[in-house]
Amino acid sequence: MIISSLHGLPAFAAYLVAAIGFCALFLLIYTWITPHREFDLIVESQNASAAIALGMSLIGFAIPLTAAIRSSAGIVDFSIWALVSLIVQIVGYGLARLAHKNLSKAIEQNTIAAAVWLGSVSLTVGIVSASCMTP
C-alpha cells in the first residue's frame, strides 16, 4: 500500500526541483534588474522595505508558478508557463516603477509605503496571471 502511494514521487520531485530552480532564477533576474541591492539592504542594513518588496514579489511569482504546476501537461509545459510568469512579474515591476518614479530610492530609504506598493503590484500581477492559466 505504501509503495503504491509513492508512485507519484518522481513527478513531485521533478516539479519541486523545477519550481525551486525557477524561484532562484526569478530572484537572480529580479535582483539584477532592480537598481537597489535587495540582499545587501536586507542582510546588512536590516531594511524592512527591501524585505517586504522582495518577499511579496517572490510570492507574486510563486502564485502563478503553482497554477502552472496544477494545470500543465508536463514538465516542459510547466517550464514554458513558469517563464511566462517570470516575464509577467518583471513587466509588473516595470509598471510599478512607472507609477512611482523614485521607487528604488524609496526602498533604499526604508519607506514602507513604497515596499507595500511594489509588493501589492507583484501580488496582483501574480494572482491575475495565475487566473489566466487554464487547464
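Every heavy atom of this structure was used, including side-chain atoms; hydrogens, water molecules and symmetry mates were not. Quick note: residue numbers are just sequence positions, from 1.
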Next item on the list: Go through the structure and list residues passing ring-ring contact (aromatic ring centres under 6.0 Å, His included) with Phe26, not counting sequence neighbours.
Entry: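 Partners of Phe26 by the ring-ring contact (aromatic ring centres under 6.0 Å, His included) criterion, ordered by chain and then number, come out as Tyr30, Phe61.
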Check: With sequence neighbours left out, what residues match Phe22 under ring-ring contact (aromatic ring centres under 6.0 Å, His included)?
Finding: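 So Phe22 forms a ring-ring contact (aromatic ring centres under 6.0 Å, His included) with Phe78.
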Checklist line | With sequence neighbours excluded, residues passing side chain to side chain contact (heavy atoms under 4.5 Å, CB included) with Val84 | finding: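 Partners of Val84 by the side chain to side chain contact (heavy atoms under 4.5 Å, CB included) criterion, ordered by chain and then number, come out as Trp81, Val88.
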Margin query: Run the side chain to side chain contact (heavy atoms under 4.5 Å, CB included) test against Ala67 and tell me which residues pass, sequence neighbours left out.
Written below: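 By the side chain to side chain contact (heavy atoms under 4.5 Å, CB included) rule, Ala67 matches Arg70, Ala130, Met133.
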Next item on the list: Scan for side chain to side chain donor-acceptor pair (under 3.5 Å) pairs involving residues 15-24, sequence neighbours excluded, and state none if there are none.
Entry: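 For residues 15-24: Tyr15-Ser72.
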Check: Which pairs count as side chain to side chain donor-acceptor pair (under 3.5 Å) when at least one residue sits in residues 84-96, sequence neighbours excluded?
Finding: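 Non-adjacent pairs meeting side chain to side chain donor-acceptor pair (under 3.5 Å): zero.
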Partner residues of [X] under the side chain to side chain donor-acceptor pair (under 3.5 Å) criterion, sequence neighbours left out:
| X | value |
| --- | --- |
| Ser129 | none |
| His36 | Glu38, Ser104 |
| Ser122 | Ser57 |

Checklist line | Transitive ILVMFWY cluster of Val116, excluding itself - 4.5 Å side-chain cut-off | finding: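 Direct or chained contacts put Val116 with Ile52, Met56, Ile59, Ile63, Ile112, Leu123, Ile127.
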Notebook entry, point to check: Hydrophobic cluster mates of Ile20, side-chain heavy atoms under 4.5 angstrom, ILVMFWY only, any path?
Noted result: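 The other cluster members (ILVMFWY side chains, heavy atoms under 4.5 Å, direct or chained) are Leu9, Phe12, Leu16.
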Next item on the list: Taking all heavy atoms of Ala18 and all of Ile75, pick out the closest pair and write down the distance.
Entry: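 Closest approach of Ala18 to Ile75: CB-CD1, 3.9 Å.
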Checklist line | Closest contact, heavy atoms only, Val125 versus Gly92 | finding: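 Smallest heavy-atom distance, with atoms named: CG2-CA, 4.0 Å.
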Notebook entry, point to check: Atom CD1 of Ile42 and atom CG of Leu54: how far apart are they, to the nearest 0.5 Å?
Noted result: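 These two atoms lie 5.0 Å from each other.
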